[in-house]
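Small disclaimer: the values here were computed from a predicted structure and weren't measured.
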Amino acid sequence: QVQLVESGGGSVQAGGSLRLSCVASRRPAGTNYRAWYRQAPGKERVGVAVIYTTDGATSDGATNYADSVKGRFTISRDSTDNTVYLQMNSLEPEDTGMYFCAAGGYPSSIGTVPPQGSVRYWGQGTQVTVSL
């Protein structure tokens, strides 16, 4: 069983930055992407960012973002694909929520953050709180 462990959450003032990390216990089998989702208090979980990780494929390294975070958040990975990061800049109170790391399979050509139904592995989440 693959485990995804997030870290890096915390409390920050609006305009500040945080960097989330997600470490996989081993390479998630049967997946071609790693992604971040978030769930704000009282709201449904939504996709934030995705990076495709299929070695050698033309989609390798391709990224997509939710419109609400474009230009502020950056998803990246290390050379082994075991660790994925989410650099969050210019944070807003609306970014508050529990952030979950995920791995799954989805066509990169569609150009959106994958739907949650495509997720094969979930992390436990890390809390991000942005205050004014």
Can you confirm whether more than 12 heavy atoms, excluding those of Ile110, are under 6.0 Å from its CD1 atom? yes
Tell me if a side-chain donor or acceptor on Thr96 pairs with a main-chain N or O of Thr129 at a distance below 3.5 Å. no
For a quick test of reading the model, state the closest non-hydrogen atom pair linking Ser25 to Gln1 and the distance between them. OG-O, 4.0 Å
Note, Cys22 side chain near Thr83 side chain (heavy atom, < 4.5 Å): no
Which distance, rounded to the nearest 0.5 Å, do you find between the CG of Leu20 and the CG of Leu86? 5.0 Å
Mind listing the closest non-hydrogen atom pair of Ile75 and Arg34 along with its distance? CD1-O, 3.8 Å
If you round to the nearest 0.5 Å, how far is CZ of Phe100 from CH2 of Trp122? 7.5 Å
Filter on ring-ring contact (aromatic ring centres under 6.0 Å, His included), then keep only pairs touching residues 63-94, sequence neighbours left out; what's left? none
When rounded to the nearest 0.5 angstrom, what is the spacing between CG in Leu18 and CG in Asn89? 9.5 Å
Cluster partners of Leu4, using ILVMFWY side-chain heavy atoms under 4.5 angstrom, listed by chain and number? Val2, Tyr121
Without swapping roles, check the side chain of Asp95 against the backbone of Val130 for a donor-acceptor pair under 3.5 Å. no
According to a hydrophobic-cluster definition based on side-chain heavy atoms being under 4.5 Å apart (Ile, Leu, Val, Met, Phe, Trp, Tyr only), do Val50 and Tyr37 belong together? yes
Is it true that Val113 and Val48 fall in one hydrophobic cluster, defined by side-chain heavy atoms closer than 4.5 Å? no
So OG1 of Thr63 and NZ of Lys70: to nearest 0.5 Å the spacing works out to 10.0 Å
If only atom types and distance count, is the side chain of Glu6 paired as donor or acceptor with the main-chain N or O of Thr126 below 3.5 Å? no
For Tyr33 and Gly105, the nearest pair of non-hydrogen atoms, with its separation, is CE2-N, 3.4 Å
Measuring from atom CH2 of Trp36 to atom CE of Met88, what distance do you get when rounded to the nearest 0.5 angstrom? 8.0 Å
Are more than 12 heavy atoms, taken from residues, nucleotides or ligands other than Gln3, located less than 6.0 Å from that residue's CD atom? no
For Gln124, is the CD atom crowded, meaning more than 12 foreign heavy atoms sit under 6.0 Å from it? no
Close side-chain approach of Glu94 to Ser68, heavy-atom, < 4.5 Å: no
Check whether Gln116 reaches the backbone of Arg45 with its side chain - one donor and one acceptor, N or O, closer than 3.5 Å. yes
Residues in side-chain contact (heavy atoms from CB on, under 4.5 Å) with Ser90, at least two apart? Arg72
For Arg27 and Asn82, work out which heavy atoms get closest and say how close. N-OD1, 4.0 Å
Under 3.5 Å, is there a donor-acceptor pair between the Arg38 and Tyr99 side chains? yes
Which heavy atom of Gln87 sits nearest to which heavy atom of Ser17, and what is that distance? NE2-CB, 4.0 Å
Find the distance between CZ (Arg77) and CD1 (Ile51) and round it off to the nearest 0.5 Å. 5.0 Å
